[in-house]
Amino acid sequence: MRDDNGRRSSNGDRLTRAFTAPARVMGRLVGLSGDADAHPVPPQAGERRDAIVDCAIYLDGIRQPAAGDYREALVLARRQRGAFVWLGLHAPDELQMAGIADAFGLHELAVEDVISAGQRPKLEQFGEVHFLALRAARYVEHKELTEHSEVVETGQIMLFIGPDFVISVRHGEACRLKPVREHLEARPELLKQGPWAVAYGVLDHVVDLYVEAADGISQDVDLIEESVFARDSSGRMQRIYQLKRELVEFKRAVLPLQRPLQLLIGDTPEVTKELRKYFRDVQDHLARVVDQVSSFDDLLISIMQARLAQVTVDQNNDMRKVAAWASIAAVITAIAGIYGMNFDFMPETSWKYGYPMALSVMLAASYAVYRMLRRSGWL
């Protein structure tokens, strides 16, 4: 607590010192559960420790020493104004989330969404707790785009945002949140604004990955376009279709996020005016990616149609060449057919030079037809 002159009261001094005390002593300093000899609450039986990536208390934007169990951390944070808990989870199971939901008072429907993952980006409110789901996406580097290349890797990130806590849940490896935590901890003036500052940091990082992925996809689209319209075109439809499929996966992450961001900017009173400026910056970056995705979609459809037209033209050219050579063979066949009728009164059959003359006529006629087809572009 602070007095009218902005100085921390003696009670606040004791609570601040409690944050810096060892975990086993901290419970006695703040009097957990009203008992001076109370010990930290142990995890429930069967809980998985590996799902908890990090658990920290932040006071006025500054990370405090470890408080042990997340239940204890929540109790400590609620005893000090300006403090909140950030609990980071990676792919928790049902048992893990049951204990966390009980400690933080999470709604069962939101908990079900966290366990199943695969949610569409959305923002929902359950009492004082907001539930934000978004899909992460990152560009996968590859030497050459093939019909089996993975261009975009996606994952799921979900946030529970309460008055004095934020719980981040990550599924997949598309977006690690450690850089977000480090970035926010280096900016205590931003983190001081509470759990919604964490929401901003996560959204900003996710959208930055969108921007990087869009730039990478842009390079792939350019390479495919060059290969399709090159003189010796070798663009394969399988590669175009694979990139199209990866772009659809990317769109499923990017486009639905526009609605939750709009709600955060305009219809969420818990977000401060200062933080709205940051969310608007994220929205601007997202709008750029949305425009790029739309242009990629249109361009890939045009490239696919152009490639199909090229295939049709190539098939027509092949058929013309076959027909042209068949025409040349028809001239020879016609002359040979006449001399194969074996009539008795054919003066050429008894002429000494009839055979070489027939061959000469065949060659001359074939060459004349070849030259005519060559000038017309059939050969």
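Please read all numbers here as calculations on a predicted model, not as lab measurements.
To the nearest 0.5 angstrom, Arg276 atom CZ is 6.5 Å from Thr268 atom OG1. To the nearest 0.5 angstrom, Leu203 atom CG is 11.5 Å from Asp281 atom CG. Taken from CZ in Arg239 to CG in Leu243, the straight-line distance is 9.5 Å, to the nearest 0.5 Å. Once rounded to the nearest 0.5 Å, the distance linking CG of Leu74 with CG of Leu87 reads 10.0 Å. If you take CD on Glu141 and OG on Ser149, they are separated by 12.0 Å, rounding to the nearest 0.5 Å. For the atom pair CD of Gln156 and CG of Leu134, the computed distance is 7.0 Å after rounding to the nearest 0.5 Å.
The shortest distance between side-chain heavy atoms of Pro188 and Asp60 does not fall below 4.5 Å. Side-chain contact between Glu212 and Arg138 is absent, with no heavy-atom pair separated by less than 4.5 Å. Between Leu109 and Glu112, some side-chain heavy-atom pair lies under the 4.5 Å cut-off. Inter-residue side-chain proximity for Glu144 and Leu223 is flagged as unmet; no heavy-atom pair is nearer than 4.5 Å. Looking at heavy atoms from C-beta onward, Leu89 lies out of side-chain contact with Val114 at the 4.5 angstrom threshold. Taking the side chain as every heavy atom from C-beta outward, Asp204 and Tyr278 never approach each other to under 4.5 Å. Side-chain contact between Leu275 and Leu190 is present, with at least one heavy-atom pair separated by less than 4.5 Å. Leu263 has its side chain out of reach of His130: every pair of non-hydrogen atoms, C-beta onward, lies at least 4.5 Å apart.
Connection of Val331 to Tyr367 is not established within any shared hydrophobic cluster, with ILVMFWY side chains joined at heavy-atom distances below 4.5 Å, either directly or through further cluster members. When hydrophobic clusters are built by joining Ile, Leu, Val, Met, Phe, Trp and Tyr residues whose side-chain heavy atoms come closer than 4.5 Å, directly or via intermediates, Tyr210 is grouped together with Leu159. When the side chains of ILVMFWY residues are joined at heavy-atom separations under 4.5 Å, either directly or via intervening members, Met237 and Leu300 end up in a single hydrophobic cluster. Criterion: ILVMFWY side-chain heavy atoms under 4.5 Å apart, direct or through other members. Under it, Phe229 and Ile240 are part of a common hydrophobic cluster. The hydrophobic cluster containing Leu308 also contains Leu299, counting ILVMFWY residues as joined when their side-chain heavy atoms lie under 4.5 angstrom apart, directly or transitively.
In Gln258, the CD atom is crowded: over 12 heavy atoms of neighbouring residues, nucleotides or ligands sit closer than 6.0 Å. Residue Glu128 qualifies as open at atom CD: its count of foreign heavy atoms under 6.0 Å is 12 or below. Residue Arg187 qualifies as enclosed at atom CZ: its count of foreign heavy atoms under 6.0 Å is above 12. Under a cut-off of 6.0 angstrom, the local environment of CD in Glu147 is crowded, with over 12 non-hydrogen atoms contributed by other residues, nucleotides or ligands. Other residues, nucleotides and ligands place no more than 12 heavy atoms under 6.0 Å from the CZ atom of Arg252.
Nearest heavy-atom pair across Cys175 and Ala136 is CB-CB, 3.4 Å. Taking each heavy atom of Tyr70 and Gly99 in turn, the nearest pair found is OH-C, 3.4 Å. Residue Ala137 comes nearest to Leu209 through the heavy atom pair O-CB, 3.4 Å, listed as atom of the first residue, atom of the second, then distance. The two residues His107 and Phe126 have their closest heavy-atom pair at CG-CD2, 3.4 Å. Between Ala214 and Gln292 the shortest heavy-atom distance is CB-OE1, 3.4 Å. Across Val140 and Glu150, no two heavy atoms sit closer than the pair CB-O, 3.2 Å.
For the pair Arg135 and Glu249, the salt-bridge criterion is met [side-chain N within less than 4.0 Å of a carboxylate O].
Tested against Phe165, the residues Phe104, Phe84, Tyr58, Trp196 include a single ring pair (Phe, Tyr, Trp, His ring centres under 6.0 Å) partner, Phe104. For the side-chain contact (heavy atoms from CB on, under 4.5 Å) with Val53, the qualifying choice from Arg181, His90, Lys178 is His90, the only one to do so.
When atom types are taken as modelled, the side chain of Gln125 and the backbone of Gly127 share a donor-acceptor pair closer than 3.5 angstrom. Counting only distance, with no hydrogens or angles, the side chain of Arg307 and the backbone of Ala309 share no donor-acceptor pair below 3.5 Å.
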Quick one: do Trp378 and Trp325 satisfy side-chain contact (heavy atoms from CB on, under 4.5 Å)? Show the steps, please.
CA-CA 9 Å; Trp378 282 53; Trp325 287 110; over 6 Å; no

Check the pair Ile301 / Met304 against side-chain contact (heavy atoms from CB on, under 4.5 Å), numbers first and verdict last.
CA-CA 5 Å; Ile301 291 176; Met304 188 176 294; 5.7 Å; no

Going through the distances and angles, do Asp220 and His142 end up as a side-chain contact (heavy atoms from CB on, under 4.5 Å)?
CA-CA 10 Å; Asp220 288 331; His142 46 269; 3.2 Å; yes

For the pair Asp113 and Lys122, evaluate side-chain contact (heavy atoms from CB on, under 4.5 Å) and give the outcome as yes or no after the intermediate values.
CA-CA 11 Å; Asp113 290 344; Lys122 60 182 179 179; 2.9 Å; yes

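The aromatic ring centres of Phe131 and Phe160 sit less than 6.0 Å apart.
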